[in-house]
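Residue numbers start at 1 and run along the sequence shown.
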Amino acid sequence: MWFFYALIPCLLIDGVTVLPAPQNLSVQSTNMKHLLTWSPVTVPGEIIYYFVEYQGEYESLYMSHIWIPSSWCSPTEGPECDITDDITATVPYKLRVRATLGSQTSAWSTLQHPFNRNSTTLTPPVMEVTKDGFHLVIKLEDLGPQFEFLVAYWRREPGAKEHVKVVRSRGIPVHLETMEPGAAYCVKVQTFVKAIRRHSPFSQAECVKVQGETLPLALALFAFVGFMLILVVVPLSVWKMGRLLRNSCCPVVVLPDTLKITNSPQKLISCRREEVEACATAVLSSEEPFRAWL
């Protein structure tokens with residue numbers, strides 16, 4: 001009986017059998033992705049589940065040190081937990097894990113040092129530098145909405161000026177510059193996270209070269225002649241078409257020469273008056289001999 005009572009405190013805590021607590025808690029954080037890992041608790045033939053909780057600065061100072069269950073890992077089977085969505089501020093976070101098997105529960109195992117996301121390791125993004133005709137184009141890895149990219153590019157020649165462009169689009173090709181034929185251009189990039197105000201190192205420079213491709217002289221001459229023909233033919237065609245439409249809708253009637261009036265009406269009236277007077281004089285002069293005969 002004495003042995004039985006002595007064994008109970010070793011087997012039960014609050015009426016629940018105790019499992020070994022998870023050990024070796026650590027956080028691996030790269031490019032703002034945070035993964036909490038621990039050594040698994042092993043029970044032959046059984047599946048162990050784990051519960052993860054966190055406590056930030058707000059919970060510690062203003063909510064009486066309460067612990068919040070992780071949004072993705074309460075419970076979880078594997079000995080790891082993606083806590084990225086739980087770490088929402090740049091403050092120290094306490095993290096703890098316990099194991100469960102049915103009604104059996106282990107003690108909480110707490111991360112030795114609080115985790116702050118500003119300790120994340122930033123790496124340059126994967127980039128792809130290509131040319132589209134004479135355009136220098138870059139495509140960057142999508143690391144998430146918190147990331148911006150500082151892209152530096154320059155013409156590979158002594159004393160060349162380095163240009164820097166901020167790129168926010170992810171996974172979409174971005175045009176950097178129009179390249180000159182026969183020249184080589186180089187590009188390097190680094191990430192920037194505004195939430196923690198940190199940059200990654202620059203990536204290794206990648207260079208592309210545009211071949212000395214120029215338009216043949218005959219093609220250039222043909223293009224010039226075609227352009228000049230367009231400048232001449234198009235206005236002439238429009239003018240000609242306008243005349244045809246005007247003649248079709250409102251044709252011009254040409255009078256015969258016999259119907260044309262070449263003098264003014266006043267002149268015609270005066271001319272007719274003189275003819276009438278001359279005719280009357282002729283008639284009178286012809287009547288005088290006839291009266292004398294009578």
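Taking CH2 of W67 as the reference point, atom CZ of R96 lies at 5.0 Å (rounded to 0.5 Å). Taking CG of N118 as the reference point, atom CE of M32 lies at 9.0 Å (rounded to 0.5 Å). Atom CD in E80 sits 10.5 Å away from atom OG in S26 (nearest 0.5 Å). Atom OG1 of T191 sits about 10.0 Å away from atom CD of E141, to the nearest 0.5 Å. From D132, atom CG reaches atom OG1 of T178 across 10.5 Å, with rounding to the nearest 0.5 Å. The CG atom of L136 sits 8.0 Å away from atom OG1 of T130, with the distance rounded to the nearest 0.5 Å.
A ring-centre distance under 6.0 Å is found for Y50 and W38.
Residues S71 and D85 meet the side-chain proximity criterion, which asks for heavy atoms closer than 4.5 Å. S29 has its side chain within reach of H34: a pair of non-hydrogen atoms, C-beta onward, lies under 4.5 Å apart. The shortest side-chain heavy-atom distance between V97 and L25 falls under the 4.5 Å cut-off. The side-chain heavy atoms of M127 and S203, taken from C-beta on, include a pair separated by under 4.5 Å. Residues P22 and S106 are in side-chain contact: their nearest non-hydrogen atoms beyond the backbone lie under 4.5 Å apart. Contact annotation: the side chain of L140 approaches that of V167 to within less than 4.5 Å [non-hydrogen atoms, C-beta and beyond].
Follow the hydrophobic side-chain contacts under 4.5 Å out from V174 and you reach V208 in the same cluster. Linking ILVMFWY residues whenever their side-chain heavy atoms come closer than 4.5 Å, directly or via other members, leaves L19 and F51 in distinct clusters. Under the 4.5 Å side-chain contact rule for hydrophobic residues, I66 and Y58 share a cluster.
Each of T121, L143, T84 was compared with K33 under the side chain to side chain contact (heavy atoms under 4.5 Å, CB included) criterion, and only T84 meets it.
When atom types are taken as modelled, the side chain of T120 and the backbone of R117 share no donor-acceptor pair closer than 3.5 angstrom. Here the side chain of E59 pairs no donor or acceptor atom with the backbone of I68 at under 3.5 angstrom.
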ask   = Taking it one step at a time, do Y153 and E162 satisfy side chain to side chain contact (heavy atoms under 4.5 Å, CB included)?
value = CA-CA 6 Å; Y153 58 96; E162 186 176 281; over 6 Å; no
query = Going through the checks in order, is the side chain to side chain contact (heavy atoms under 4.5 Å, CB included) test met by N31 and L122?
reply = CA-CA 5 Å; N31 290 333; L122 297 179; 3.9 Å; yes
request  = Please test I83 against L95 for side chain to side chain contact (heavy atoms under 4.5 Å, CB included), starting from the C-alpha separation and ending with a verdict.
outcome  = CA-CA 10 Å; I83 57 173; L95 298 162; 3.6 Å; yes
task = Start with the C-alpha distance between E77 and I47, add both sets of side-chain angles, then the distance that settles side chain to side chain contact (heavy atoms under 4.5 Å, CB included), and finish with yes or no.
result = CA-CA 7 Å; E77 286 188 31; I47 298 176; 4.0 Å; yes
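Using cut-offs of 30° and 60° for the angle between ring planes, the F149 and F147 rings count as parallel. Between Y54 and Y93, the ring planes lie tilted relative to each other; the angle falls in the 30° to 60° range.
A salt bridge between R155 and E180 is present, with a side-chain N of the basic residue lying under 4.0 Å from a carboxylate O of the acidic one.
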